[in-house]
Each structure stands twice: as C-alpha cells, then as structure tokens.
Trainee: 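Take a look at this one; I'll ask things after.
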Number of protein chains: 2
Amino acid sequence: MTLQAEIDGWCINTMRFLAVDAVQKARSGHPGAPMGAAPMPYVLWDRFLRHNPSNPQWPDRDRFVLSAGHASMLLYALLHLTGYDLSIDELQNFRQWGSKTPGHPEFGLTPGVEVTTGPLGQGFSHAVGMAMAERWLGQRYNRPGLDIVNHSTFALVSDGDLQEGVASEAASLAGTLGLGKLIALYDDNDIQIEGSTDLAFMESVPQRFEAYGWGVFGPVDGLDLEAIEAALRAAIADARRPSLIIFRTVIGFGSPQQGTAKVHGEPLGADNVRSAKDALGWPQEPLFHVPEKVRVHMRLAVERGRSAESEWREKFSRYVAAYPEDALAFEKQLRGELPPDWDQGLKDLFHPGSKPMATRVSSGTVLNALAKRVEALFGGSADLAPSTKTLIAGCADFSREHYEGRNLHFGVREHAMGAIAGGMALHGGVIPYTATFLTFSDYMRPAMRLAAIMGVRVIYVFTHDSIGLGEDGPTHQPVEQLMGLRSVPGLTVIRPADATETLEAWRAALLNTHGPSALILSRQEVPPLDRNLYPSAKALHQGAYVLWESRAGLPDLILIGTGSEVSVALDAGRKLATEGFGVRVVSMPSWELFDEQPRDYRESVLPGEVQARVAIEAGIKLGWEHYVGLKGVVVGMEHFGASAPGEILYEKFGITAEAVVSHARKLIA
Amino acid sequence: MTLQAEIDGWCINTMRFLAVDAVQKARSGHPGAPMGAAPMPYVLWDRFLRHNPSNPQWPDRDRFVLSAGHASMLLYALLHLTGYDLSIDELQNFRQWGSKTPGHPEFGLTPGVEVTTGPLGQGFSHAVGMAMAERWLGQRYNRPGLDIVNHSTFALVSDGDLQEGVASEAASLAGTLGLGKLIALYDDNDIQIEGSTDLAFMESVPQRFEAYGWGVFGPVDGLDLEAIEAALRAAIADARRPSLIIFRTVIGFGSPQQGTAKVHGEPLGADNVRSAKDALGWPQEPLFHVPEKVRVHMRLAVERGRSAESEWREKFSRYVAAYPEDALAFEKQLRGELPPDWDQGLKDLFHPGSKPMATRVSSGTVLNALAKRVEALFGGSADLAPSTKTLIAGCADFSREHYEGRNLHFGVREHAMGAIAGGMALHGGVIPYTATFLTFSDYMRPAMRLAAIMGVRVIYVFTHDSIGLGEDGPTHQPVEQLMGLRSVPGLTVIRPADATETLEAWRAALLNTHGPSALILSRQEVPPLDRNLYPSAKALHQGAYVLWESRAGLPDLILIGTGSEVSVALDAGRKLATEGFGVRVVSMPSWELFDEQPRDYRESVLPGEVQARVAIEAGIKLGWEHYVGLKGVVVGMEHFGASAPGEILYEKFGITAEAVVSHARKLIA
C-alpha cells in the first residue's frame, strides 16, 4: 500500500467513525450513508474541490451540495477536518439544541453548508439552480482571460433523491441547458428504508440520464479510490453536458449489518459499532478519534484554499483594472445590493386616470421597468409566461447557446422551478423570480418552504389568484392557496389591489433580502385606485392601511379587503355610507407586513373598539378571524370553485358588494 | 378513399370543429390540442375501447383518462358522439355556469369522465393508480376462465404532462410494476405555451420511458389512421410492461396558425375558424355541426358497449354460480361497502391501563386489525413504512410477481403516491391509504386537492406530526402543514390525542365515503386517556368534545388541545383547577367534523359566554382565532423548528403546561 493510499484510508475511516460515534452519542441519525459513501466526497474534496475553508463566502468556490441531507455527518466531518469553523465539540453535539450540527444540514447555521437539505430531491435541484446562476453570471461578466466566474457545482445524491419528481424535472432541464459544470455523484447502494430499491425502483438510471442529455460515468466501485478519481476527472472534463457518476457502494460499510436497510436511519448500537471498528481496523477508543496524520493531511485544504482564492483575487484585481465598472457592478450584484437608481421612474408607470387593469398586467409592466435597472433580476415561468406576464421584453431566452439570456423557460415543472430559484439565490449574484398560476403553487411548496427556512430572496409571481380567473374551473381556481402561503413562516405574501399597489409589492419583494416573497395577482381587471383621492400606495409597506373613510372618527364598521376584493369593499362601503353608517375601508395587501408593525399602527388601522368587521377575500375563510374575531364576518369561500365566467362566480358565491352590505347591516344591528 | 376512411375523416373533423365552435362560443378554451390530437382518441374509441355509453359505471370497462385536461372538448365530443348522456346543448354551454362541460373535465359531473384533470401530470399518474387497482383486484378475484377484472387503462398525455415530476415518479413505478395494461398516448406536438418544447424539453422521451421499463412505440404519424391503429394494437399486445405510443401531431391542425403556440389556449378567432373549416373541407354553418353519417357511425358505440357489458354480465353470472361468496365480496367491494363486522374487535385493542404510545404506533395496530376484515384496504408508504407503521403484517409486497400483495412500496415519491391513491379510489374496489411524514405532505398537495375536489375516499396517514419528532430538525418538522391541510375544502383532517382516538380516527376515515381523510399522528409517545375516567373516544366523530372539567357549570376558562397537546392541556387544566379556577379541557381532533355539528352541540362544547380560551397545538398559530377569537390565546408556533430532542423543543418554544397556565392566569385576570 502506498503512503498516499494509507493516508486516504485513514481519512475515510475518520469520516466514517466520526459519523458513527456522533449518531451513537446523539442516539439518533443516519450512519449508513456516511459509512458507505465516504470515499467519494473524500476524493472530491481531497483532489478536486476548489474551496477555501477560511472563507466559505469566496464567490468563485466550487459548490458542494449534500442532497442526501440525512448523511449530514459526512459533511460535518469534511467541514471539521478541512478546517472550517466547526469544532470537534460541535460534532460531539450532533443533533442537540444550539449546536451547529443539526440533524440535516442547515444553510446559514453551519459555515460551508451551501443549502439546507433533507427533503429528498431538493439539494440536487437547488444545485441545478446554482449551476445556472454560474453560467449566467459568467456569461455576463467574464472577459477573455479573466473568467472571474468559473466554478463547478457538485451534488451527492441518493436513490431517494433520484426517485423524487422534482429531481427528474431539474435533471431534464439541466440536460436541455447543457450545464457542463454540474456533476452529480450518485451513491448507488441498492437500499432504501423499506428494503431493496428493487421494491420500487427497477428503472435504468444511466439510461434515464442519458435520455436527459447528461454524460453518464460508471458504474464505479465506490471503494476504489483510483477509479473514483478517474471518474471525477472524466466528468469534470466533459464540459458540454451535466454529468452523473454512478458509484456502487455498500450502505453501512463495515457494520455487520452492512448492505441492509437496518443501518440506514438509526444508531448502529454499541455491539455493531465495536464490530465495525474492528472490521475496519479502527481503534475502539477514543470516540470522535481524529488521528494526527489525518488532521495534518485534511488541513492541507486550508492552504490550498487560501492559495486558490488568492489566485482568483489576483485575477479579479486585473479585472478591476481592466473593467472597473463591471467589477463594481459584479461586486454589488454579489452582495445582493440594488443599484442606487433601481426604482427610479417607477412612479410614472401608472397614472391616476388609468383604465382598469389586471394586476398581472401591472406586474408585467413593473417587472419590465425594474429589469432595465436591476441587472440581477433573472427568472421566468413554468410555461405560462404569456399568462403570467413575466417575459422581459427585448431579452434573449436563457439557453445553452445564450447563457446571457434573461428569460428562463422552466417547462411545466413548477417544483423544479421553485428549487432552481432557491439555488440561484443561494449562489448569489442573482435575484430570481418564478411565475405560475396561484393554484399551482401547490406543486412548489416544498421548495418554497426551504427558501423560507433559509431566508433567501426569491420572488414568486402567482397570477390567476382566485375564482376570478373564471372558465378554467375548480382545478385552476385557487381557494386555499393564499391562506396556505400565509401559513408558511418567513414567507411574505402580498396581494395588491391595483397597479399602484402592485408596483409597491414589487418594491417590497426586492427590498426583502431576508426571505422569499409571493406576489398574488389577478387574472381579471381591477379598477385603479386614484391616488389623488386615496392615500399613497406606499402604505403597502405597512401591510394594511386605511384606504377610505366615510367620515372622520371611530367608524361603526370596518371593511377589510385584499387584492381584487378591495374594490368590492369600497363599493360596499360607499353604499353603507349612504345609509348613514360610519364606514372604514382597509386595504390589506400583506398580513405579514401588517403584523410586523408596531401595535399603535395596527390599532390605528383596526381599532379594538370597533368589533363590527367584515373581511372580503375570494379565498378560503379560514384564518380571517385573526382580524375580524368571532363577532365579525368573512365574505369568502368555503368550497371549491366552478367553471363559468369570473363575474358570474362572484355572484353565485356571494362575494359581492351587495352581500357585504347585507352582512354589514346585520353586524351593526 | 375507402368508405371507412371517409367516415373516419368526417368523425375526426366533427370532433375538431365541435371543439373549435365550443371554444369560439365560450370565448375561452383550448382549441389547439383537440384539432391536433383528435385522430388518436378517435381510433382508440372507435376500434379498441371497451366501454358502455349507456352505463358509464360498468366495472370492467376500459378506463380512458384525458391527462391533458385542457383538451376537454375532445373528450366531451367523444362522449356526446358515442352516446353518453351529454347533449349537444351541453357542448354549446361549454365553460358556462351549471353546464356539464366545464373548462377542464370533472369527475362526478360529466358521465364518462373518469378523473378530474387539468393540473398537468395528474391524469397520467392517476391512470397508473387505476392500472394498479385493476391488477390487484384481478389477482384477488379472477378465476380460470373467469377473468371478471380484465380491462385496460388508456391515458392521453401532452408534453406538459411528461415534464411534470409527478408523472416521472408514476412512470418509473409503473415500469417497476410491469403494468402491461396501461397505455399512454403521447400527443407529441413540439409546442407548449411559451413556444417550442426545445426551450425547455430537449430530452429523449422514448429513451427515458425505455429506461423506466416501458415499451415504446412510434413515433407514429398522428394523421395516419392505419398507423395509429397498428401502434395501438401493438401496445395492447405488449402485456408485460406499460406502453407509451408517441404520436407526432400538429397542434391546431387546419388553422392558419397551426404548429404554433398561438392556437393553444384561446379561441382561434372568427377568421381563423373560417379558414380552418375551409382548409379541412368543413361547412361554415351550422355551428356544432354533426353530420348524420357521423352520428350514426359514432353511435355504434352504444350497441357495442351494451353487447360488451352483456358478455361480461354473462361471465359474471357464471362466476356467481361457481364462486358465490367471492362474487358477493367483489360486488360489495366495488360498491365501497365495508363488511358488516368490519370494526369488530377494535375496542379490545387498547386497554385503559396501557402504557404511553405514539399515535403512529396505535395507528399501525388499528390498521393491521382493520386489514384482517376490510379486504379493500390497500396501500403503503413513500419509503417510510417502518416509521409510519403502515405495513400490513403477514401480507406480501405488491409487485409484478405478486399482484395480490397488499403492501405497496411507492419509493420516495410522495406526489405520485397521492395521485396513484386517487386513481385507485376512482377505479373502485379499493380503499387506498398512503403514508409519509406530515412535513412531506407538501409534496402531495396537488394530488390531495384533486381527491378533495372529486370527493373520493383516500386515507392519508401522516406521522411525525410536529416539532415532537425532534432531532431531524426544521426540514422534517411540520409547522404550517396541519393548518394547510385544514384549509383544503373537502379534506377531513383528524389529529387524535391517544390510542383510543386513533382508533376512532381510522373508523371515521373509513366511514367517510365522500372525500379524503388525513390522519395526523405523533412520532413521540403520548399518555393514554383512560376512558374509565374520560368520555368515550367515540366523541371524536363530533370533531371536539369536553374531555375533562374541574367542576360542573360554566367554566372560567376553556383549554383546547389537539393530538399530542391534549395532554399538555390536561396538565395545565389540573394545575389551574388547584388554583381554584373552573377549567374545561376540550379535545379537538377534527375541525371539519366539529364545524359540521349542529350549533347547539358546538355551543355546548364552546359556550359563547366563555371567551377566556387557550388553544394549544404544536403547529402554526394562524387560524386558531376561529375558536379562541381575538381575546383568546394560542400556544403554538410562529417560526420553524430546530434540531434537538423533542421534549427540549417543547420547552424552548414554550409549548408546555407551565406556559399555558401562565397565559391562562393572565386571560382570566
């Protein structure tokens, strides 16, 4: 055995047993994947990965995504050993309150974790988004001899990852786009929780990925380091298409129960730990053992990383000298900053006397205006751009021939769209947006949830936001989706009432750097709110505001509307005013923004003394008692929609000014 | 041209122009797919499909699923022309209030519509479920020479269907299971809404389906009826694996804008209608023209259908004679009836003095007891059976070798699992159940929504229902999912508090024949509620009930708990009682069941006079004001969870008896 081979073996076993000991100590976790899969990421990190443990934020680092997030200890072991700021104490506190080593990797918590993973298929799909962002930024900023954006994206994926539909969607798109610097390492171990993968997964994975247009390498023996290295080298060299390397591995390698589902998701148990350490020639004690030679070898990554980043910094200095304006723009873009003039001219887009306009149309106008100044805006739709109004005029499509294109075409793949957008936001340099009908937000929820957990800026455009879309019927009419999105912590949901609020909604979404925003837009036209008569739409940033009052002082009644129902509230309010009631109409585009306001402001909009309140929203009533209480009334939906022209549905389902008036009269009486 | 060819041409053009005229009259809809794809379903229905227009419920009919639901007029035309109870007036009322011809096909509304479709990928995946149910029932009931269950499932699918991840998941499973009687007709027209499919879909579909283990036929010229017929014949003959037939078609065939995205989703416009009719030799008038020879030819389906069903009835009579008990069981199973003794013995499963037990474990016990008597129960998990406790002991796995197996293995494919379960329920003869962690219900929402729209009985088992799952961390800890499911109209959500409520929850789910039910179960142990001390768990069927009161009469305070938090409410209630307060503890396993109760009952549980109310649930607070109003308190979550042991998370996030007591004191004061 060569010295190199010996060191490699020690390093890999260190990774394995850090995982085994951590899971054993935590009394929960997944030992099987780290034991079986350790060699591949080891070889990758040891011989290929360009990263800088001293600066996990180095923009041109290679990305490594552990899509099989349950193998988290594998990543924590690598981060610890290669010198990231993750102490052995943290590894010993695996899965405990306050540690940096949670059960599944969490972006923002642990240095070097690029994506929060765990829900299968997501890491892989986020990696596709990272690779797309890399190509797009590179095409924009690289100059001959000065390729300041030039890095690979690696993802370690499991059988489960490749079974998830979101991964299939993302893989197909990655193939279409020819993302040559995306490399997936497939831990092909034939085992999943319920037993053999043959129970549910007899497909030919290589053939499937070839069908997507990927280069497929292997199968490679997952214990043969030379073969692993050769396969990685070949995959990296294949620059025209994404690569999948198939590594044949044995789950729980070394344990008496290796190769069975028993080693997947729980501690091995003391006896099996002992046997595994014996089998692989590992000392029983101490626990969390890191031999000195392993530490020394793995820490070489620190110096390699510093040197790699220095080289890049030197190149970037030359870039700054040659292209000072681009360099500045690049740096700002990476920091997620908006240009100083980013919202100039927006206020001139819509005029007081303008005609009724669907908020999806206003949104398209705003997006196009913003795109001229905010270069980082990059997105598209899941095959509904003409309906969602999310095409940026005059810009190319993003394709393998045109990586500079700004219009993304996701195909009918809402879920991958969500995950890819999350990956682009994580990559940095991009403010991604997505678009589909609100009802299809259901397809994207797992990806949106991850964005909310990670707190990254993604803008989800959802149009066709109610029964108002009409004839397409109940499958296309969202009912529960709007409230369902509000229920996601960290997601800011904004449903503007007209063009002016739509403009502010986009501004709010861009300014929200700490989490995703969802813009909820109408298919149907809504009347403009003349801001000469009403307060400025800037009040949208407070979430809700008094739009109109029949008279000063405490009202008899408050009507609360959102989006297209604000005009219903206004009509009802005016009618009730003619009957002598003191009526206030509140436009409430965003619950999240409103609930963040100081109590005084909230009280000024919804005074506690006024309990006669009616909320009007063409969505599920559930939740609205938050504002109207048990004494108020919600004018909304309690069932699915139907196929008919939208205005007829509003009539039939009783979401009309007349219905509001009738409810309100009873409330006051 | 032969007479046959001439008739065929007239029939196909009739279908095309019924669609064109209907879309034009409705001023909305999708003319392109019906115009381009009409020949394939025509040939299928004319020459292969075994169905009985006079009895759309004939159990052994072939199933035809229009996965590309936007082409609804194609299906309505076929139904009308072949003699289903769908008049020409209905076609003229396409997409109007009260018609049987909604924008997308709706199961239960229109005779002959097998699945509600529109959201892409779903019809295809539901068809997989139908084909699975067919194999399973056939294996159970067929006898030599008496194959009373023996029919095919056909699905017409579009590019968009095949881009959706849910379809990829279902296709892979269908290949694994060798579903030879499943045949997908792929309308391969190169066009989607945003333009050429090349924008986002360069993969090789045939190669992908071959990788899944499907037989792939074609490409076939979608205008060549003989080739279509030959391909269908070959696909039907291929009995060992599912088949995909690729038909090359031209979207909007006949229109001046054929082959472009412009003909996809809006009326052609009067000029283009005129040109299309000229181009295909169709009379401009009358609209909705059905030539007599077409009517006569297509209506032959009525006689063919009667005769096919008669043959089957004759066979079934012989079956009844030979296997009277099986015949009886089969018929009951098809009607969805439970056997008379279905819930016998359940009450003996759990004893008053039993130990703490996770409700997922109680659920496993109940499921296994039920499975012994309810033969129709058929389901499984998305690779989490050991955790969700949903394996039926002593039963085989459902596989291509064992179609009698009752344990389904979906792989890590939650979305397809949901859709397949819906398809099985639609097929009939099966009461499907699915299982995964509650957080992954997000992956299944589009399929669950369809089940709710259609009102079919599917039982979704969701375990690991809160932060109580502990170390797996925020990605695995549901926060917003429980409320998110409650927001879906027609879905009954039940979160039982202990083993006895879990038993009743299963009973409620089985008795709920008009819609899906979701059972929300804990990973962690919960204390048993001793029914010698507390009211019977049968009260679960009222959704909520008074579990305990410190004294008779109107209480000072009501504590409302669900699931694992009922014990928290009880602890807090007892503590508050020692302080002299009159406390009532309400167990509220199901909002939907409670809200259905008469006002008197609801008032008896939650008297309007008592406004001091605290709701306790380890999920998002949003929505709980429905029961506690603006003056009450919700003890719940407002953010994502964390990785740590479950009991520590309850402490850290303040979901404890102490916190409840503290809130309650302030409320009363």
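Heavy-atom basis, side chains included; hydrogens, waters and symmetry copies ignored. Quantities reported herein were computed from a predicted structural model and do not represent experimental measurements. In what follows, chains are A, B, ... by sequence order, proteins preceding strands, each numbered from 1.
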Trainee: Just how far is it from atom OG of Ser643(B) to atom CZ of Arg95(A), taken to the nearest 0.5 Å?
Mentor: 6.0 Å
Trainee: Less than 4.5 Å to any heavy atom of chain B: does that hold for the side chain of Phe640(A), its backbone, both, or neither?
Mentor: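 Both parts, backbone and side chain.
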Trainee: For Ser381(B), check side chain to side chain donor-acceptor pair (under 3.5 Å) against everything at least two apart and list the hits.
Mentor: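 Testing Ser381(B) for side chain to side chain donor-acceptor pair (under 3.5 Å), a comparison that skips the adjacent residues, returns Glu194(A).
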Trainee: Measuring from Met454(B):CE to Thr475(A):OG1, what's the distance to the nearest 0.5 Å?
Mentor: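 Nearest 0.5 Å value for the CE-OG1 distance: 11.0 Å.
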Trainee: Quick one: does Leu173(B)'s side chain get under 4.5 Å of Phe201(A)'s, heavy atoms only?
Mentor: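 SC-SC contact between Leu173(B) and Phe201(A) ruled out.
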Trainee: So for Ile620(A), is it side chain, backbone, both, or neither that comes closer than 4.5 Å to the heavy atoms of chain B?
Mentor: side chain
Trainee: For Arg486(A), is it the side chain, the backbone, both or neither that has a heavy atom under 4.5 Å from a heavy atom of chain B?
Mentor: both
Trainee: Which pair of non-hydrogen atoms, one from Leu622(B) and one from Leu622(A), has the smallest distance, and what is that distance?
Mentor: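 Smallest heavy-atom distance, with atoms named: CD2-CD2, 4.4 Å.
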Trainee: I need the His409(B) NE2 to Leu199(A) CG distance, nearest 0.5 Å.
Mentor: 4.5 Å
Trainee: Chain B heavy atoms under 4.5 Å from Lys621(A): which part of the residue, side chain, backbone, both or neither?
Mentor: neither
Trainee: Counting C-beta onward and ignoring hydrogens, is there a side-chain heavy-atom pair between Glu164(B) and Arg413(A) closer than 4.5 Å?
Mentor: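 Of all side-chain heavy-atom pairs linking Arg413(A) with Glu164(B), none is under 4.5 Å.
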Trainee: If you round to the nearest 0.5 Å, how far is NE2 of His70(B) from CG of Asp472(A)?
Mentor: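 So the gap between those two atoms works out to 10.5 Å.
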Trainee: Between Val479(B) and Arg449(A), is any pair of side-chain heavy atoms under 4.5 Å apart?
Mentor: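 In contact.
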Trainee: Under the ring-ring contact (aromatic ring centres under 6.0 Å, His included) rule, collect the residues that match up with His415(A), sequence neighbours excluded.
Mentor: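 For His415(A) the ring-ring contact (aromatic ring centres under 6.0 Å, His included) partners, ignoring immediate neighbours, are Tyr443(B).
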Trainee: Pick from Gly103(B), Ser387(B), Gly265(B), Ala200(B): which one has the most heavy-atom pairs with chain A under 4.5 Å?
Mentor: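 Maximum pair count with chain A is reached by Ala200(B).
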Trainee: With rounding to the nearest 0.5 angstrom, report the CD to OG distance, Glu471(A) to Ser99(B).
Mentor: 10.5 Å
Trainee: Quick one: what part of Ala382(A) sits under 4.5 Å from any heavy atom of chain B, side chain, backbone, both or neither?
Mentor: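 Contact with chain B: backbone only.
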Trainee: Could you look at Arg27(A) and say if it's the side chain, the backbone, both or neither that has a heavy atom under 4.5 Å from chain B?
Mentor: neither
Trainee: Within the structure provided, determine whether Gln163(A) and Ser172(B) are in side-chain contact (heavy-atom separation under 4.5 Å).
Mentor: no
Trainee: Please report the interatomic distance CZ(Phe209(A)) to CD(Glu203(B)), rounded to the nearest 0.5 Å.
Mentor: 11.0 Å
Trainee: Any non-hydrogen side-chain atom of Gln207(B) less than 4.5 Å from a side-chain atom of Glu210(A)?
Mentor: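 Side-chain contact under 4.5 Å: yes.
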Trainee: Considering only heavy atoms, which portion of Ile648(A) lies under 4.5 Å from any heavy atom of chain B: side chain, backbone, both, or neither?
Mentor: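 Looking at Ile648(A), just its side chain touches chain B.
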Trainee: Given side chains that start at C-beta, do those of Glu106(A) and Pro474(B) come closer than 4.5 Å, heavy atoms only?
Mentor: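 Result yes, sub-4.5 Å side-chain heavy-atom pair found.
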Trainee: Could you look at Pro478(A) and say if it's the side chain, the backbone, both or neither that has a heavy atom under 4.5 Å from chain B?
Mentor: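 For Pro478(A), the contact with chain B is made by the backbone alone.
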Trainee: So which residue, Thr197(B), Asn407(B), Ile453(B), ends up with the most heavy-atom pairs under 4.5 Å with chain A?
Mentor: Ile453(B)
Trainee: Hey, does Pro386(B) have a side-chain heavy atom less than 4.5 Å from the side chain of Ile193(A)?
Mentor: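 Yes. Closest side-chain heavy atoms under 4.5 Å.
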Trainee: Does a side-chain heavy-atom distance below 4.5 Å link Arg613(A) with Leu630(B)?
Mentor: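 Yes - at least one pair of side-chain heavy atoms lies under 4.5 Å apart.
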